[in-house]
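Okay, so here's the structure we're looking at.
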Amino acid sequence: MLIVQKYGGSSVANTDRIKHVASRVAQCRARGDRVVVVVSAMSGVTDNLIKLAREIMPLPNEREMDMLLATGEQTTIALTAIALHSLGIPAVSLTGAQAGIVTDGVHTKARIQNITPRKIHELLNQGQVVIVAGFQGQTREGQVTTLGRGGSDLTAIALAAAIKADLCQICTDVDGVYTADPRLVPDAKKLEEISYDEMLELASLGAKVMQSRSVEFAKKFGVVFEVRSSLNDHPGTIVKEETKNMEAVVVRGVSLDKNQAKVTLVGVPDKPGVAARIFKAIGDAGVNVDMIVQNISHGSGAPATDLSFTVDKPDLPRAQKTLDALKPDIGFGRILATEKIGKLSIVGVGMKSHTGVAGRMFDTLAREGVNIDMISTSEIKISVVVDLGKAEQAMRAVHAAFLG
Ligand code: ADP
Ligand code: ASP
Ligand code: MG
């Protein structure tokens, strides 16, 4: 079998863990498998590199950030190759560029455009274990790029598609994908399987177990993959195309995103074109807007609305700067901003065919005394914004109601 195995930061956190990874790869080889290993930076390394750069200036140049961050994974590939050599196993490490991963030029969140796995095949044919640096690639012009935080997942899935691997395993510090983050919800249960769409929603709504772009890629190219532990041999969670019987389960999982901030514009003139101008300016500033709520105020005077929306926390300063500049022009009142929110979501393809799910979620929150600030729904998810201080309690209650 041809296997792609990805090991995340905590699985390569120190040299003992790296030796453990090597011994697992050795087991695969002993069974006769050919293995491509993708590794992340040792846990904490990427965060630390970002911190170092920001000690020098708050918004460092993104090309240089990629140059800096790519070193994290480069350390791990070489150490993993050395660990395999110490077991007498031939292994070669490759950077993203050497592995043939070509991306666009959007530094710090580049997209993979193409993979030419010629070198990988060549080395596999020589009997080598190939170890590829996750999270990085190179533009056609030879610039080093990175694929967004958590991007080693994407490297693994894209490589599995490119080399037509028989198996793609995402090895991490939990036994698989759970009904909720097991660190926040002790009662969470491991799922045997989950559809791409559910995994994609959970990932983009805060479940960091998979990078959401990697799931998007897997769905697009039909890469079936397994999320499993790097520390034991328990079967993990299979992520694959939706099957008919998956709809029998109403809620597959619960997630909590603590990385959003809420902005409220008070007294926005209620006339055509105003929202368009506000969100165009915010979009042009590169700020991603998620939920939007508008309330018509019925007071005397010119009609006005309060407009609230959420943005990614790191984007808040840029959003505020853009709005400050827009304020005199459009003529809204105050700009209120808070980072003390949590976005709690329930996800499941079964919602398509079951009714009353929202009512049950809201009822659970009411009984916990948790106020709902904003709501958004899609065919397979319901999200609410709640006070950050009550978010974890709310998550456990909602999990117990649907999945307990
Ligand atoms: P790696 O370093 O291997 O990429 P991550 O830290 O990125 O690992 O992702 C694994 C973590 O994701 C787990 O430790 C867990 O706390 C968190 N997590 C969040 N939601 C879930 C979930 N639904 N199921 C499993 N793990 C989850
Ligand atoms: N090292 C990168 C990060 O911390 C990529 C990854 O771990 O997947 O985001
Ligand atoms: Mg990760």
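Remember, it's 1-based here, ligands and their atoms both numbered in the order they're listed. As the structure is a prediction and not an experimental result, all values here were calculated from the model.
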Quick one: does Gly176 get a heavy atom under 4.0 Å from ligand 1?
yes

Which of the atoms in ligand 1, numbered in the order shown and given with their element, are less than 4.0 Å from a heavy-atom of Asp173?
10 (C), 11 (C), 13 (C), 14 (O)

Under a 4.0 angstrom heavy-atom cut-off, which atoms of ligand 1 come close to Gly8?
1 (P), 2 (O), 3 (O), 4 (O)

Would one find an N or O of Arg183, backbone or side chain, under 3.5 Å from an N or O of ligand 1?
yes

Is the shortest side-chain N to carboxylate O distance from Asp181 to Lys208 below 4.0 Å?
no

I'd like to know if Gly253 contacts ligand 1, where contact means a heavy-atom distance under 4.0 Å to any ligand atom.
no

Within 4.0 Å of some non-hydrogen atom of Thr172, the atoms of ligand 1 are 1 (P), 3 (O), 8 (O), 10 (C)

Decide, yes or no, whether a salt bridge links Arg183 with Asp173 under the criterion of side-chain N to carboxylate O below 4.0 Å.
yes

Which ligand 1 atoms does Tyr178 reach within 4.0 Å, using its non-hydrogen atoms?
22 (C), 23 (N), 24 (N), 25 (C)

Please report the C-alpha distance between Ile77 and Val132 in whole Å, then the side-chain angles of each, then the deciding distance to 0.1 Å, and finally whether the side-chain contact (heavy atoms from CB on, under 4.5 Å) criterion is met.
CA-CA 6 Å; Ile77 49 170; Val132 180; 5.7 Å; no

Taking atom 15 (C) of ligand 1 as the reference point, the nearest protein heavy atom with its distance:
Asp181 OD1, 3.4 Å

Who are the residue neighbours of ligand 2 when the rule is a heavy atom under 4.0 Å from any of its atoms?
Ser40, Ala41, Thr46, Glu73, Phe135, Arg149, Gly150, Gly151, Ser152

When Ile278 is tested against each of Val289, Leu307, Ile292 for side chain to side chain contact (heavy atoms under 4.5 Å, CB included), which residue passes?
Leu307

Does an N or O from Lys208, backbone or side chain, lie closer than 3.5 Å to an N or O of ligand 1?
yes

Of all the atoms in ligand 1, which lie at a distance below 4.0 Å from a heavy atom belonging to Val177?
24 (N)

From Leu388, Thr310, Val386, residue fulfilling side chain to side chain contact (heavy atoms under 4.5 Å, CB included) relative to Ile341
Thr310

Can Val174 be said to touch ligand 1, with heavy atoms closer than 4.0 Å?
yes

Whether Lys6 lies under 4.0 Å from ligand 1, heavy atom:
yes

Could a heavy atom of Gly150 be found less than 4.0 Å from some atom of ligand 1?
no

